[in-house]
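Written below as structure tokens is the structure these notes are about.
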Amino acid sequence: MRPRRPATLRTRLLLGLLLVAVAVIVAFDVATVAALRESQTRRIDGILDQVAATHEGRATELVHAADGRQPPPMLPGVAPNDYYLVVATSDRGTVRIGAPPEVSPRLPADLGELARSGDIRTVPGTDGAAAFRLRAVATEAGTLVIAVNLRSVTDAIHKLQAILAVATIMAMAVLAAGGLAVVRRGLRPLEAMASQADRITAGDLTRPVAPQTPDTEVGRLGRALNRMLTRIHASVREQQVGQERMRRFFADASHELRTPLTSLRANAELYEQGALASRPQVDEAMRRIRVSAQRMSTLVDDMLRLARLDQEPRARTDTVDLSALLADSLRDGCTTDPDRSWAGEIQPGLTVHGDQDLLRRAVDNLLANIRTHTPTGTTGTLTARRDGADEVVIEVGDDGPGVPGHELPRLFDRFHRVDGHHTGTGSGLGLAIVAEVAAGHGGGATAVAATPRGLRIRLTLPIGAGTSTGRRTSSDDRARPSPSEIERTSAMTMVAFRGLTKRFGQTTAVEDLTFDVPPGRVTGFLGPNGAGKTTTLRMLLGLVHPTDGEALIDGRRYADLTAPRRTVGAVLDSTGFHPGRRGRDEIRVHAAVTGVPDARVDEVLDQVGLTADADRRVGGYSLGMRQRLSLAAALLGDPRILILDEPANGLDPEGMAWLRDLLRELADAGRTILISSHVLSEVAQIADHAVIINHGRLRFAGPLAALGEGLVSVRTSDTDAARRLRRTLAERGIDASATGTATLQVRGATAEDIGRVAVDERIVLAALTETSTSLEATFLDLTRTDPTTPTGAR
């Protein structure tokens, strides 16, 4: 037995429409019939009440009329054969008034009680089919009984029911035809999309669906299908390209490996056949075997490295001293190849975020490319400089024979060689590895012809982690970064707080703190006294265990760092020194703990300006000098991260200027600086990023310049409009707070931006006013407001 096929969507919609229509029409018919019956019944009851009131005192006259002396009364609006009028005497006899009707009502047994109650009752007729409305009235001559046959009412209702039945059938037929046409027309785009989807299922990914009405549900479904189809097509195309690339790679690799394998086999066969009679011949064969094996080993290593780069293109995000790396590579190149002249011009202090091993391999490959493909006596150059604020440019060139212009775009292809122009027997993978490493770091590699001859390869690397970096501003240039720059900055953050919470008994010192500290910047950690700053820093350094959340350094807790004092330098308290110990000896103790040589002691003392006072006892130091000594201890391990709690305490104006210059220099070198303070003016002169907390909660996190941005006051038409505008602005990353039932205060957006959002959402604005505020006023406002409502960029 075949399973039943499920009904189509068209059938289900039509049946549903008809069922609803039938229910509505039937309900209407029933209500109409009931209303007619009720209306006619009330009409007859009114006639009965009127006759009863008229003839209640004339029962004797009606009895005489029954004897033929007076004509019988007529009931208004009732046919003579449809009414019944009798007087029931006390001896239970009845006197009929007028001509007897064809059918009489059955008098109820409780006629007297009915007369006393004054009610009107429906009673059956003597034929068992008719029905009467009956009224009884007590009189001196007996009980006057007035009854009206409901035949006219029943006939009218039957006619109405027949009319309604015919009308219902006709309406259902019209509805069925019209509904079928409407449903078919409405589902026509969906059916066309289903047919196109069937073609897509069959493998045709080139023809998207074409929704006719893009603003309807079917149109939105079509757009969603097209977007999905585009992604599927791109994914399939990417897979095809990858498969083709892999096929070509294996073909090229097989071709490259064939030559050394052939050499190995030939020399081995010569040895087995005894063709190598003399010792020199054997030595030469062994040399060729060794060279071929080395070439095969190099090929396999390069192919494995490329395969790993293809599988994991994103490099690590360690901070790399690029200047030192380039200098080491150039020095090794000079030692390895003394037959060529080497020159370098490397800008000091260049740092990037990435994988140091891969970057070193890329630079070594560039230098090896010169050694392999240029004749003896060629001069090779290596230059490196910062290009603007966002990237480092490395150029490796030579004055060798160069490369034809049409070959330059293919230099970075795998296994590509320029025959007849370069000497040597490279694998053809060196520059391909360079290109993959650059791409994995978010940069690129290009080749151009050098002037007057030779080749120059340019490698660009962003100053950031992963594939991009944010813009780092100086103290004199604090332009607010774009949202994309803020996103990229978060990707390269080395210090992160995630839901950090600390409770001491019933007291909550820090609650749900989440923010990042970007590298290469000075970040001010601000808040009033008791805001929870020191507790937060102590949790970061593992001195206090959080109740919830975590504080991470390079994605790990402080306790999990392999060399914590070389990674993080911290100053939380400048009073922990032995007063009887000399300053130099105090730093030597810290150097022994850190694991650095004593020579580093004099370097840091000179860096903080304490060389002249290094042999004085710490007990005689001023508060400012102890601050400098604490900073010297923190700098011993040359850490990448510096955590300072209230570092300006005790410093005079000259000391403040010195501290600003030192921290700015450290930040420019790529280090992460986090300064805790409760005074905005102390940090405003040096910090380019700010985190503000109050009562342990985050109030602001973002560029310091954003604190001085203008505020926009918005007044909407009503409270609902204000709520919708605030919700929409929040979805777009714009902070808005309610200042009244229909007014908002917006930070981080211009009046034009807010107006554009209101137009897009069709929200009526009554007023839009732009104001400005100072850094200090904004800071005070943030630390005064309700701490349960975070403000600013998260």
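What you see is a predicted model, and the numbers here were worked out from it, not measured in a lab.
The closest donor-acceptor contact from the side chain of Thr501 to the backbone of Asp512 lies under 3.5 Å. In this structure, Thr514 contributes its side chain and Gly499 its backbone to a donor-acceptor pair below 3.5 Å. With Arg626 contributing its side chain and Tyr621 its backbone, the two residues share a donor-acceptor pair below 3.5 Å. Without hydrogens or angle criteria, Lys533 side chain to Ile692 main chain gives no donor-acceptor distance under 3.5 Å. Under a 3.5 Å cut-off, the side chain of Thr381 and the backbone N or O of Ala343 do not form any donor-acceptor pair. In this structure, the side chain of Arg456 does not engage the main chain of Gly397 through any donor-acceptor pair within 3.5 Å. Looking at Thr508, its side chain never comes within 3.5 Å of a backbone N or O of Arg503 through a donor-acceptor pair. With hydrogens and angles ignored, the 3.5 Å screen pairs no side-chain donor or acceptor of Thr523 with any backbone N or O of His689. Judged by distance alone, with hydrogens and angles left aside, the side-chain atoms of Arg697 form no donor-acceptor pair with the main-chain N or O of Glu511 at under 3.5 Å. Side-chain atoms of Ser329 do not come within 3.5 Å of backbone N or O of Leu325 as any donor-acceptor pair.
Using bins of under 30°, 30° to 60° and over 60° for the plane-to-plane angle, the ring pair Phe497/Phe525 lands in the parallel bin.
The minimum heavy-atom distance between Gly569 and Pro639, with the atom names listed, is N-CB, 3.5 Å. Residues Val571 and Ala634 share a closest heavy-atom pair of CG2-CB, 3.8 Å. Shown here for Val434 and Ala362, the closest heavy-atom pair between the two residues is CG2-O, 3.5 Å. Scanning both residues, Gly349 and Ser323, for their nearest heavy atoms gives N-OG, 3.3 Å. Smallest separation of non-hydrogen atoms from Ala445 and Ala438: N-CB, 4.3 Å. Shown here for Ala509 and Phe504, the closest heavy-atom pair between the two residues is CB-CE1, 3.7 Å.
A salt bridge links Arg458 with Asp387: the closest approach of a Lys/Arg side-chain nitrogen to an acidic carboxylate oxygen falls below 4.0 angstrom. Using a 4.0 Å cut-off between a side-chain N of Lys or Arg and a carboxylate O of Asp or Glu, Asp364 and Arg361 do not qualify as a salt bridge. Between Asp602 and Arg588 there is no salt bridge, since none of the side-chain N atoms of the basic residue sits less than 4.0 Å from a carboxylate O of the acidic one. Comment: Asp688 engages Arg664 in a salt bridge, judged by a side-chain N to carboxylate O separation of less than 4.0 angstrom. Between Arg498 and Glu550 there is no salt bridge, since none of the side-chain N atoms of the basic residue sits less than 4.0 Å from a carboxylate O of the acidic one. Using a 4.0 Å cut-off between charged side-chain N and carboxylate O, Asp585 and Arg617 make no salt bridge.
Within a 6.0 Å radius of CD in Glu752, no more than 12 heavy atoms belonging to other residues, nucleotides or ligands are found. Taking a 6.0 Å sphere around CZ of Arg600, one finds it holds more than 12 heavy atoms contributed by other residues, nucleotides or ligands. Under a cut-off of 6.0 angstrom, the local environment of CD in Glu345 is sparse, with at most 12 non-hydrogen atoms contributed by other residues, nucleotides or ligands.
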- Item | Candidate pair Gln607 and Leu666, rule side chain to side chain contact (heavy atoms under 4.5 Å, CB included), full reasoning | CA-CA 11 Å; Gln607 193 173 5; Leu666 293 172; 4.1 Å; yes

- Task: Under the side chain to side chain contact (heavy atoms under 4.5 Å, CB included) rule, what do Val517 and Val691 come out as? Steps first, then yes or no, please.
- Result: CA-CA 9 Å; Val517 182; Val691 175; 5.6 Å; no

- Walk me through it: do Leu674 and Ile641 pass the test side chain to side chain contact (heavy atoms under 4.5 Å, CB included)? CA-CA 8 Å; Leu674 180 61; Ile641 302 170; over 6 Å; no

- Message: Using side chain to side chain contact (heavy atoms under 4.5 Å, CB included), reason through Ile673 and Ile686 one step at a time and then give a plain yes or no.
- Response: CA-CA 11 Å; Ile673 313 294; Ile686 180 175; over 6 Å; no

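The distance from atom CG of Leu642 to atom CZ of Arg640, rounded to the nearest 0.5 Å, is 12.5 Å. With values rounded to the nearest 0.5 angstrom, Ile675 atom CD1 is found 10.5 Å from Glu646 atom CD. Separation of atoms CG (Leu513) and CG (Asp548) is listed at 12.0 Å; rounding is to 0.5 Å. Atoms CD1 and CG, on Ile394 and Leu359 in that order, are 7.5 Å from each other to the nearest 0.5 Å. Taken from CG in Leu629 to CD in Glu586, the straight-line distance is 6.5 Å, to the nearest 0.5 Å. Once rounded to the nearest 0.5 Å, the distance linking OG1 of Thr351 with CZ of Arg671 reads 9.0 Å.
Here the side chains of Ile370 and Val396 are in contact, with some heavy-atom distance below 4.5 Å. Here the side chains of Leu540 and Val568 are not in contact, with every heavy-atom distance at 4.5 Å or above. With contacts defined as side-chain heavy-atom distances shorter than 4.5 Å, the pair Val596/Arg565 does not qualify. At least one side-chain heavy atom of Leu631 sits less than 4.5 Å from a side-chain heavy atom of Leu659. With contacts defined as side-chain heavy-atom distances shorter than 4.5 Å, the pair Leu526/Ser677 qualifies. Contact of the Val601 side chain with the Arg584 side chain is registered, since non-hydrogen atoms from C-beta on lie closer than 4.5 Å. Counting heavy atoms from C-beta outward, Thr319 and Pro519 have side chains that stay 4.5 Å or more apart. For the pair Leu572/Arg538, a side-chain contact is recorded, criterion being any heavy-atom separation below 4.5 Å from C-beta on.
When each of Leu326, Val320, Asp332 is tested with Arg360 by the rule side-chain contact (heavy atoms from CB on, under 4.5 Å), just one qualifies, namely Asp332.
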